[in-house]
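In what follows, chains are A, B, ... by sequence order, proteins preceding strands, each numbered from 1.
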There are 2 protein chains.
Amino acid sequence: MRAPENIGLLLSLASARGVASANVALGPVELNSRSYSLLEQLAGTDGVSQRELADAIRLDPSQIVAMIDGLERRGLAERRPNPADRRQKSVVITGPGRTLFHRARALVESSVDEVLAGLDDLERETLRGLLQRIVRHDAARLEHAS
Amino acid sequence: MRAPENIGLLLSLASARGVASANVALGPVELNSRSYSLLEQLAGTDGVSQRELADAIRLDPSQIVAMIDGLERRGLAERRPNPADRRQKSVVITGPGRTLFHRARALVESSVDEVLAGLDDLERETLRGLLQRIVRHDAARLEHAS
DNA sequence: TATTGTTATACTCTATAACTATA
DNA sequence: TATAGTTATAGAGTATAACAATA
């Protein structure tokens, strides 16, 4: 059977392939594509609220709780009180967390390389740009809705 | 927060957005993005085995069973014996199934239109082409593995 | 009154193994 | 011995609602 025309199905299939490949690649560091994305967010800031993390990777705040619990149990991240707003907790990546993240990033990069094996660098950038615009457009829509 | 660079995460987010939007749009015809894709496959052939359907939309054969059960219960598709190989069943779309499919397709098309609102026609074709190459490349990989 | 983090719960998805009938 | 369809089941992922502390 040929590749489908249905762009929604194509997105699902490509995404599922990416997630599955990343999950396999991340086995050695005991992360999956989701906890990797979370760690990546943490590595990019010095202290974020769980609400911000939830928005960034589009996950329910209640699911973030369990994921941070997992990272904290492994010493990869920490919850710190936020004096400016005592409702919030500032989640920060630890030294070991950062070390693991760098290892994980290399694993993910080679998994992405497998998934996108048929595309050259320019095409990868084009794909990234188009997807970013879809995601940004969606973020704006949600913003507008609230 | 900016749109992520991580192309795997971008694929997940865009795909999730597409699925969610399609599921809402398909509410009136009581389908979801998956059963729609299945019906679309059926509409494109006159009789397919469940195994072929499973390969086409990359779902486990055991999950296809339940989905065909659902379509059959609603009179949208039928299982017919395949005299050439009595292990197989030939799944065919019915008249009412085809009618519903056309209605569903219009709903999905406008949902895709919302998700891709930021992209012009040429960009949509580019995106489709890139995704097809990822999916095709993956299919070839699986073929080779077996 | 609204928001952050939390807990609990139920529901959908997904993966896996085992079984039958056919090949 | 292998394949198509089926059933059952367990696990992961997801969505939702309610609650305490704080704004």
* If you check every side-chain atom of B/Arg34, which of C/dC13, D/dT6, D/dT14 has the closest atom? ->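 That would be C/dC13.
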Looking at [X] and [Y], would you say the former's side chain and the latter's main chain have a donor-acceptor pair under 3.5 Å?
| X | Y | value |
| --- | --- | --- |
| B/Arg124 | B/Leu119 | yes |
| A/Arg98 | A/Ile93 | no |
| A/Glu78 | A/Glu72 | no |
| B/Arg141 | A/Glu114 | no |
| B/Thr94 | B/Leu76 | yes |
| A/Thr99 | A/Gly95 | yes |
| B/Ser35 | B/Asn32 | yes |

Looking at [N], I'd like to know if its phosphate oxygens (OP1 or OP2) sit under 4.0 Å from a side-chain N or O belonging to [X].
| X | N | result |
| --- | --- | --- |
| A/Gln88 | D/dA21 | no |
| B/Arg79 | D/dT6 | yes |
| B/Arg51 | D/dA2 | no |

Mind calculating the distance between [atom1] ([X]) and [atom2] ([N]) to the nearest angstrom?
| X | N | atom1 | atom2 | result |
| --- | --- | --- | --- | --- |
| A/Glu52 | C/dT4 | CD | C1' | 12 Å |
| A/Leu59 | D/dT16 | CG | P | 13 Å |
| B/Asp55 | D/dA4 | CG | C1' | 12 Å |
| B/Leu53 | D/dG5 | CG | C1' | 12 Å |
| A/Asn32 | C/dC13 | CG | P | 20 Å |

* Taking NZ, NE, NH1 and NH2 as the nitrogens, is one of them in B/Arg133 or A/Glu123 under 4.0 Å from a carboxylate oxygen of the other? ->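 Yes.
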* **Any residue meeting side chain to side chain contact (heavy atoms under 4.5 Å, CB included) with B/Val112, in chain and number order, not counting sequence neighbours** =>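 Checked B/Val112 against side chain to side chain contact (heavy atoms under 4.5 Å, CB included); matches are A/Ile7, B/Val108, B/Leu116.
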* **Residues touching DNA chain C, which here means a heavy atom under 4.0 Å, drawn from residues 60-73 of chain B** =>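 Residues of residues 60-73 of chain B that come under 4.0 Å of DNA chain C are, in numerical order, B/Asp60, B/Ser62, B/Gln63.
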* Between protein and nucleotides 18-23 of chain C, map the contacts as a letter string: B base, S sugar-phosphate only, - none, heavy atoms under 4.0 Å, written 5' to 3'. => ----BS
